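Working notes for the structure below.
Residue numbers start from 1 in every chain, and the chains themselves are labelled A, B, ... in the order their sequence lines are given, proteins ahead of strands. Everything numeric in this text was worked out from a predicted model, so none of it was measured. Note: hydrogens, waters and symmetry copies are ignored here, and every other heavy atom, side chains too, is used.
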There are 2 protein chains.
Amino acid sequence: MKSSRDVAGDSGASATDRMRASALKDDVSFLLARANALSLSAGHAALAPFNLRVRSYSILALVADDIRPSQRDIAEHLRLDPSQVVSLIDDLQTRGLVKRDPDPTDRRTNVVVMTDEGRELFRSAHDAVRAAERDLHSHLSPDQRERLSELLLLVAFPD
Amino acid sequence: MKSSRDVAGDSGASATDRMRASALKDDVSFLLARANALSLSAGHAALAPFNLRVRSYSILALVADDIRPSQRDIAEHLRLDPSQVVSLIDDLQTRGLVKRDPDPTDRRTNVVVMTDEGRELFRSAHDAVRAAERDLHSHLSPDQRERLSELLLLVAFPD
DNA sequence: ACTAAATCATTGACTTGTTCAACGATTGTG
DNA sequence: CACAATCGTTGAACAAGTCAATGATTTAGT
């Protein structure tokens with residue numbers, strides 16, 4: 001069992017091979033979940049020095065584009081519940097990384113804006129995340145990676 | 001609220017378009033997370049009539065292959081904490097869908113085995129999940145879908 | 001042969017993430 | 001103008017994930 005274990009990390013022992021060959025192999029949902037889990041782990045590790053979680057980082061990334069997203073926009077794009085967005089933005093705002101501005105065209109709405117401090121932190125965090133991602137996908141060719149992005153875009157935004 | 005969500009799902013308003021063009025567009029992590037979230041939602045909806053969640057279903061899928069996975073095997077393959085596996089298998093076992101057999105080669109180890117009842121439920125659930133997934137990816141060509149699986153396999157199982 | 005380290009399943013506390021309901025203020029629609 | 005829809009918010013409940021520790025068993029090293 002132990003040898004099965006060690007080998008599992010290296011070359012794939014019989015148990016892992018058997019499971020890799022399992023019905024789940026063709027299961028996009030399973031593969032997505034697993035790939036996502038790996039990505040999340042790497043992301044969280046990369047963001048830890050900035051005291052950020054992936055969710056907060058994603059919001060920063062959206063806000064950094066200066067498209068002045070409403071909270072609602074953010075919720076939809078990131079597929080977060082509006083109440084999650086409130087909580088996450090509260091945190092970021094408390095840290096001085098973003099601020100809420102009233103939307104001049106609709107008094108129900110806030111737009112979320114990056115602060116200078118937020119922009120600076122995001123730049124560093126962005127570099128770290130990108131490096132982690134490059135590392136995670138180092139075994140993919142540039143063509144494979146590009147192809148993957150294209151296909152994932154289709155899946156992530158069905159329309 | 002619902003109509004707004006529906007619209008976002010259908011045509012993509014200007015805000016969604018702007019965000020679609022955002023820096024996150026090329027962010028594999030973001031795309032993975034979003035695709036995974038959609039997949040999870042569809043999966044959970046499909047499994048609701050069976051009173052299953054995706055995690056439990058994944059375990060059933062592994063066990064259904066008759067490869068007699070240990071709990072440890074399951075934990076690694078599905079990237080679950082061993083304590084999660086305990087809890088999930090407890091639930092499935094309580095429902096009579098799986099059982100734990102002692103592994104004859106190692107007294108520390110249980111192997112997880114499908115019951116007849118479990119096999120029957122899995123078959124139905126599997127059909128439902130597949131149908132949901134087909135629906136979710138209906139806009140992908142067969143070639144795209146196959147390509148996606150191949151690439152995800154590379155990402156999900158780096159080695 | 002013996003001992004210490006490693007492994008498995010387990011328990012349980014804690015943290016993080018998600019969902020849902022309800023609310024007041026504001027906007028859109030008929 | 002009245003009502004339905006929308007936005008952000010609060011907060012409770014649920015789901016999922018993490019971590020530490022334990023006892024039993026196996027493995028590795030001497």
* To do: Measure from the side chain of Asn110(B), starting at C-beta and using heavy atoms only, and say which of dT27(C), dT9(D), dA9(C) lies closest.
  =>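 Looking only at heavy atoms from C-beta outward on Asn110(B), the closest nucleotide is dA9(C).
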* From the options dT10(C), dT18(C), dC7(D), select the nucleotide whose nearest atom is closest to the side chain of Thr109(A). => dC7(D)
Please report, rounded to the nearest Å, how far the [atom2] atom of [N] is from the [atom1] atom of [X].
X: Gln71(B); N: dC8(C); atom1: CD; atom2: P; answer: 11 Å
X: Leu80(B); N: dC8(C); atom1: CG; atom2: P; answer: 15 Å
X: Asp90(A); N: dC7(D); atom1: CG; atom2: P; answer: 18 Å
X: Leu88(A); N: dG8(D); atom1: CG; atom2: P; answer: 14 Å
X: Ile89(B); N: dC8(C); atom1: CD1; atom2: P; answer: 14 Å
X: Glu76(B); N: dC8(C); atom1: CD; atom2: C1'; answer: 11 Å
X: Arg55(B); N: dT18(D); atom1: CZ; atom2: C1'; answer: 13 Å
X: Asn36(B); N: dA16(D); atom1: CG; atom2: C1'; answer: 13 Å

* Ring centroid separation Phe50(A) to Tyr57(A) under 6.0 Å ->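 Centroid separation for Phe50(A) and Tyr57(A): 6.0 Å or greater.
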* Dot-bracket line, read 5' to 3' along DNA chain D, where crossing pairs take [ ] and | marks a partner on another strand, Watson-Crick or G-U under 3.5 Å -> ||||||||||||||||||||||||||||||
* Check the side chains of Ser39(B) and Ser29(A) for a donor-acceptor pair under 3.5 angstrom, ignoring hydrogens and angles. => yes
* Between the side chains of Ser141(B) and Asp143(B), does any donor sit under 3.5 Å from an acceptor? -> no
* Asked: Should we count CD of Glu120(A) as having more than 12 external heavy atoms under 6.0 Å?
  -> no
* Identify whether any heavy atom of Gln84(A) sits under 4.0 Å from a base atom; if not, whether one sits that close to sugar-phosphate; answer base, sugar-phosphate or nothing. => base
* Side-chain-base donor-acceptor pair under 3.5 Å for Ser83(A) and dG11(D) -> yes
* No-H, no-angle donor-acceptor pair, Asp81(A) side chain to dC20(C) base, under 3.5 Å ->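 Check passes, donor-acceptor contact within cut-off.
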* Structure fact -> Between Arg100(B) and Arg108(A), the residue closer to the 5' end of DNA chain C by nearest nucleotide is Arg100(B)
* To do: Please tell me which of Arg107(A) and Arg53(A) maps to the more 5' nucleotide of DNA chain C, matching each residue to the nucleotide holding its nearest heavy atom.
  =>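 In this pair, the answer is Arg53(A).
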* To do: Give me the ring orientation class for Phe30(A) and Phe157(B): parallel if the planes are under 30° apart, tilted from 30 to 60°, perpendicular past 60°.
  => tilted
* How close do Leu78(B) and Arg55(B) get, heavy atom to heavy atom, and via which atoms? ->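 It is O-NH1, 3.9 Å.
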* Asked: Which residue, His44(B) or Ser70(A), contacts DNA chain D at a nucleotide closer to its 5' end, judged by nearest heavy atom?
  -> Ser70(A)
* Evaluate side chain to side chain contact (heavy atoms under 4.5 Å, CB included) for Leu151(B) paired with Arg145(A), printing each intermediate quantity in order. => CA-CA 8 Å; Leu151(B) 290 170; Arg145(A) 194 178 173 291; over 6 Å; no
* To do: State whether Arg79(B) places a side-chain N or O below 4.0 Å from either non-bridging phosphate oxygen (OP1 or OP2) of dG17(D).
  => no
